[in-house]
Structure formats: structure tokens, C-alpha cells
Amino acid sequence: MTPTESAVTEIWTELLGQAPPTPHDDFFELGGQSLTMVQFLARVEEQYGVELPIDVLFTSGFTVAEVAKAIDQGRLDAVGEEELAELLKQLEGMSDEEISELLSEDA
């Protein structure tokens with residue numbers, strides 16, 4: 001499970017009162033309603049600064065896996081080309097150990 005999937009699972013668990021059995025279970029089949037969905041979307045925007053497109057969630061499935069993918073894509077899209085190039089340049093100068101340490105801090 002990715003860090004984003006874990007975070008989405010945590011939010012769903014709080015809102016639905018139970019953890020989804022797998023990352024591929026549908027939000028509405030687990031008892032989610034439209035009001036709960038709005039609360040979830042607000043939490044995602046607050047936590048990640050990403051406004052999830054509702055149409056994408058309904059066409060690809062409102063599951064932990066698909067929502068996490070949409071959040072990660074939204075975060076990636078928010079990064080400008082210059083900022084991304086600078087981050088890549090910084091990573092190129094780091095050892096594998098430094099990168100692993102950096103990744104473990106984000107998890």
C-alpha cells in the first residue's frame with residue numbers, strides 16, 4: 001500500500017467507521033453517502049491541497065486505490081516544470097541511502 005493509499009484509508013476509516021477491506025472496495029458500497037463524500041473531498045483538499053475532480057472518481061471508481069492515484073496525479077500536476085527540474089537535480093546529487101532516508105521521513 002502506498003503512503004497516499006494509507007492516508008486515504010485512514011480518512012475513510014474515520015468517516016465510515018470501518019476500514020475498507022481492500023484498496024479496491026467502492027466507497028458507496030461500504031456505506032458512504034453523498035454527504036460523507038463531500039466531507040472526504042474537503043479533507044483531501046485540506047490535507048493535500050488537491051481538488052479531486054468528481055467526474056474522474058465516478059468514471060474510474062471511488063476506491064482507495066483510484067482516489068490515491070488521483071491525489072498523487074493532482075500533486076504532481078501542481079509542481080511546475082522548473083521546480084520539478086530543481087528537485088530532480090537535487091536527487092541526482094544524493095546517495096541511495098540519503099534518498100531512502102528522505103522517503104522514510106515522508107511515510
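Side chains are part of it too, since the values below use all heavy atoms of this structure and drop only hydrogens, waters and symmetry mates.
The CD atom of E86 lies 10.5 Å from the CG atom of L91; values are rounded to the nearest 0.5 Å. From E98, atom CD reaches atom CD of E101 across 7.5 Å, with rounding to the nearest 0.5 Å. Of the inter-residue distances, the one linking E14 atom CD with Q39 atom CD reads 11.5 Å to the nearest 0.5 angstrom. Between the CD atom of E97 and the CG atom of L102 there is a distance of 12.5 Å, given to the nearest 0.5 Å.
Cluster membership check: F28 shares its hydrophobic cluster with V8, using side-chain heavy-atom separations under 4.5 Å among Ile, Leu, Val, Met, Phe, Trp and Tyr. Linking Ile, Leu, Val, Met, Phe, Trp and Tyr residues whenever their side-chain heavy atoms come within less than 4.5 Å leaves V67 and M1 in two separate clusters. The hydrophobic clustering, which links ILVMFWY residues whose side-chain heavy atoms are closer than 4.5 Å, places Y48 and I54 together. V38 and L41 fall into different hydrophobic clusters, defined by Ile, Leu, Val, Met, Phe, Trp and Tyr side-chain heavy atoms under 4.5 Å apart, directly or through other members.
Heavy atoms only, all atoms of each residue included: W12 and F62 are closest at CH2-O, 3.3 Å. When all heavy atoms of V64 and P20 are compared, the closest pair comes out as CG2-CG, 3.7 Å.
Checked by atom type and distance alone, the side chain of T13 pairs as donor or acceptor with a backbone atom of T9 at under 3.5 Å. Side-chain N or O atoms of E5 include one that pairs as donor or acceptor with a backbone N or O of T2 at under 3.5 Å. Judged purely by atom type and a 3.5 angstrom limit, Q18 uses its side chain to pair as donor or acceptor with the backbone of L30.
Applying the 6.0 Å contact sphere to CD of E46 captures no more than 12 heavy atoms from other residues, nucleotides or ligands. More than 12 heavy-atom neighbours from other residues, nucleotides or ligands sit within 6.0 angstrom of CG on D77.
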**Request:** Would you please test T4 and D72 for side-chain hydrogen bond (donor to acceptor under 3.5 Å, both in side chains) and show each step?
**Result:** CA-CA 7 Å; T4 307; D72 289 341; 2.7 Å; yes
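Under a 4.0 Å N-O distance rule, the pair K69/E66 qualifies as a salt bridge.
Side-chain atoms of M37 and L15, non-hydrogen and from C-beta on, never get closer than 4.5 Å to each other. Using a 4.5 Å heavy-atom threshold, the side chains of V44 and I71 count as touching. In this structure, the side chains of F27 and L16 come closer than 4.5 Å at one or more pairs of heavy atoms. Side-chain contact between E45 and V50 is absent, with no heavy atoms from C-beta onward closer than 4.5 Å.
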